[in-house]
**Q** 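The structure follows.
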Amino acid sequence: NEVVLGMDLNSELCQNGVSQINRPEALAASLSKEYNIPIRMENIAPSNTAASNSIATLRGGAKIVNITSNSEITLSCCGYYAGSDAILTCGHGGHYNDTINYAASAGSTIGTVNYHNYYSGCTGDFEIIKVTNTDTFSTSNSINNMYSITGTLSSPAVGTIIKYYSRTTSSFGYGSVERRNVTVLADDRDNISGLTEVKVTSGSCESGDSGGPFFQDASSGAKYCGVLHGKRTDSSGNLYVFFTPYTYISSAGFSVRTN
């Protein structure tokens with residue numbers, strides 16, 4: 001009988017530490033002599049093939065990039081559209097058929113924009129991307145790996161406490177619904193209607209947070225509410241954020257993943 005010692009000989013520790021002190025085979029011979037038992041060293045480093053085929057999980061709050069329009073936005077949630085896995089984000093980050101990449105995995109395309117809702121006079125601000133690269137990406141019902149979406153709240157009433165995620169500050173904010181069916185002038189030219197306005201009690205909203213998730217933190221899990229459009233600040237310095245309520249998104253054929 002012999003003892004086999006497994007070691008990742010490609011690891012930083014071996015490359016910069018152990019292997020510089022003693023070659024693996026010499027180390028095995030030394031241990032064999034000390035304990036009077038046959039010992040051999042075996043490399044258990046993971047293969048490059050396995051690493052290249054790993055699956056990345058898509059979650060609400062993740063950074064995504066529209067490489068066609070060169071804009072950084074935030075993934076709102078995962079779900080289903082026209083029988084396929086899909087993700088949801090804001091519409092003002094690009095156009096129909098634009099290519100969307102996963103920012104945490106350079107060069108990895110998630111898919112292209114299949115439904116685009118952002119133009120002057122439109123109701124809501126959102127777009128739907130089918131996940132075509134299923135060899136690399138899987139979907140989930142997670143928001144930033146901290147909340148699990150278990151249901152939806154299609155159009156929260158005035159006074160409802162709502163949470164949202166700011167990707168750029170890696171933090172959650174919250175506030176209460178102030179107004180519904182709000183129309184805003186976006187980019188100084190586009191009238192976007194149907195938005196819900198939340199007066200922020202705690203939190204921030206920065207460039208790049210667009211597309212992020214809004215949800216109600218219920219005892220049974222997160223109830224998804226909609227997609228972040230933008231913000232405003234009043235004369236007293238109060239922060240307000242706007243989102244497209246889920247009712248308009250579901251009408252376009254998108255359903256949120258809840259398990």
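Basis for what follows: all heavy atoms, side chains included, without hydrogens, waters or symmetry-related copies.
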**Q** Could you tell me which non-hydrogen atom of Gly159 sits nearest to which non-hydrogen atom of Ser176, and how far apart they are?
**A** O-CB, 4.1 Å
**Q** With rounding to the nearest 0.5 Å, note down the distance linking CD1 in Ile162 to CG in Leu153.
**A** 6.0 Å
**Q** Got a donor-acceptor contact below 3.5 angstrom from the Ser250 side chain to the Tyr246 backbone?
**A** yes
**Q** For residues Leu185 and Asn191, determine if any side-chain heavy atom of one lies less than 4.5 Å from a side-chain heavy atom of the other.
**A** yes
**Q** Is any side-chain heavy atom of Ser170 less than 4.5 Å from a side-chain heavy atom of Tyr165?
**A** yes
**Q** Run the side chain to side chain contact (heavy atoms under 4.5 Å, CB included) test on Val198 and Tyr174 for me, step by step, so that the C-alpha distance in whole Å, both residues' side-chain angles and the decisive distance to 0.1 Å come before the verdict.
**A** CA-CA 8 Å; Val198 173; Tyr174 72 93; over 6 Å; no
**Q** Quiz question: by atom type and distance under 3.5 Å, do the side chains of Thr68 and His95 form a donor-acceptor pair?
**A** no
**Q** How long is the straight-line distance from OH of Tyr240 back to SG of Cys205, given to the nearest 0.5 Å?
**A** 14.5 Å
**Q** Going hydrophobic residue to hydrophobic residue with side-chain gaps under 4.5 angstrom, can you get from Leu228 over to Tyr147?
**A** no
**Q** Short question: side chain of Ser71, backbone of Gly93 - any donor-acceptor pair under 3.5 Å?
**A** yes
**Q** What pair of heavy atoms forms the shortest contact from Ile128 to Ala86, and how long is it?
**A** CG2-CB, 4.0 Å
**Q** Nearest heavy-atom pair of Phe126 and Thr123: which atoms, and what distance?
**A** CE2-O, 4.3 Å
**Q** Under the rule for ring-ring contact (aromatic ring centres under 6.0 Å, His included), what residues qualify as partners of Tyr164, not counting sequence neighbours?
**A** Phe214
**Q** Can you tell if the side chain of Ile110 reaches within under 4.5 Å of the side chain of Asn133, non-hydrogen atoms only?
**A** no
**Q** Is there a path of hydrophobic side-chain contacts, each under 4.5 Å between heavy atoms of I, L, V, M, F, W or Y residues, that connects Met146 with Ile149?
**A** yes
**Q** Side-chain donor-acceptor pair under 3.5 Å between Ser140 and Arg257, yes or no?
**A** no
**Q** Begin from the C-alpha positions of Ser210 and His92 and carry the test side chain to side chain donor-acceptor pair (under 3.5 Å) through to its verdict.
**A** CA-CA 8 Å; Ser210 295; His92 68 261; 3.0 Å; yes
**Q** Hey, are Arg180 and Thr196 close enough side-chain-wise for a donor-acceptor pair under 3.5 Å?
**A** no
**Q** Looking at Ile100, Val65, Asn101, which hits side-chain contact (heavy atoms from CB on, under 4.5 Å) with Thr109?
**A** Asn101
**Q** Checking Phe242 against Lys231 for the side chain to side chain contact (heavy atoms under 4.5 Å, CB included) test, could you report, in this order, the C-alpha distance in whole Å, the side-chain angles of both residues, the deciding distance, and whether it holds?
**A** CA-CA 6 Å; Phe242 299 92; Lys231 67 176 181 179; 5.6 Å; no
**Q** With a sphere of 6.0 Å drawn around CG of Asn70, does it hold more than 12 non-hydrogen atoms of other residues, nucleotides or ligands?
**A** no
**Q** Under 6.0 Å between ring centres, would you say that holds for Tyr102 and Phe137?
**A** yes
**Q** Mind checking whether Asp85 and Thr139 have side chains closer than 4.5 Å, heavy atoms only?
**A** yes
**Q** Hey, could you give me the SG/CD1 distance between Cys77 and Ile87, rounded to the nearest 0.5 Å?
**A** 9.5 Å
**Q** Find the distance between CG (Asp98) and CD1 (Ile129) and round it off to the nearest 0.5 Å.
**A** 9.5 Å
**Q** Work out which heavy atom in Gly208 is nearest to a heavy atom in Arg167; give both atom names and the distance.
**A** O-NH2, 2.7 Å
**Q** Following the transitive rule for hydrophobic clusters with a side-chain heavy-atom cut-off under 4.5 Å over Ile, Leu, Val, Met, Phe, Trp and Tyr, establish whether Val131 and Ile64 coincide in one cluster.
**A** yes
**Q** With a 4.5 Å limit on heavy-atom distance, are the side chains of Thr183 and Leu195 in contact?
**A** no
**Q** Do Phe215 and Tyr224 have ring centroids that are under 6.0 Å from one another?
**A** no
**Q** Find out whether Cys90 and Phe243 are in side-chain contact, i.e. whether some heavy atom of one side chain is under 4.5 Å from a heavy atom of the other.
**A** no
**Q** Look up atom CG in Leu88 and atom OG in Ser255, then write down how far apart they are to the nearest 0.5 Å.
**A** 10.5 Å
**Q** Look only at the side chain of Ser69 and the backbone of Asn66, and say whether a donor-acceptor pair between them is shorter than 3.5 Å.
**A** no
**Q** Measure from the side-chain N and O atoms of Thr150 to the backbone N and O of Lys223, and report whether any donor-acceptor pair falls under 3.5 Å.
**A** no
**Q** Got a donor-acceptor contact below 3.5 angstrom from the Asp234 side chain to the Ser236 backbone?
**A** yes
**Q** Quick one: do Lys63 and Glu72 satisfy side chain to side chain contact (heavy atoms under 4.5 Å, CB included)? Show the steps, please.
**A** CA-CA 7 Å; Lys63 178 182 176 180; Glu72 295 183 357; 3.2 Å; yes
**Q** Show me the pairs that pass side-chain hydrogen bond (donor to acceptor under 3.5 Å, both in side chains) and involve residues 111-122, at least two apart or across chains.
**A** His116-Glu127, Tyr118-Asp187
**Q** Do Arg179 and Glu197 meet the salt-bridge criterion of a basic N to acidic O distance under 4.0 Å?
**A** yes
**Q** Given side chains that start at C-beta, do those of Ile143 and Arg59 come closer than 4.5 Å, heavy atoms only?
**A** no
**Q** Counting only N and O atoms by type, is there a donor-acceptor contact under 3.5 Å from the side chain of Ser76 to the main-chain atoms of Gly211?
**A** yes
**Q** Quick check: do Ile249 and Val227 have side-chain heavy atoms less than 4.5 Å from each other?
**A** yes
**Q** Between Ser138 and Leu58, is the side chain to side chain contact (heavy atoms under 4.5 Å, CB included) condition met? List the steps.
**A** CA-CA 6 Å; Ser138 64; Leu58 299 172; over 6 Å; no
**Q** Any chance you could measure Thr89, atom OG1, to Ile73, atom CD1, to the nearest 0.5 Å?
**A** 4.0 Å
**Q** Could you pull out all residues at least two apart from Thr168 that satisfy side chain to side chain contact (heavy atoms under 4.5 Å, CB included)?
**A** Ser166, Glu206, Asp209
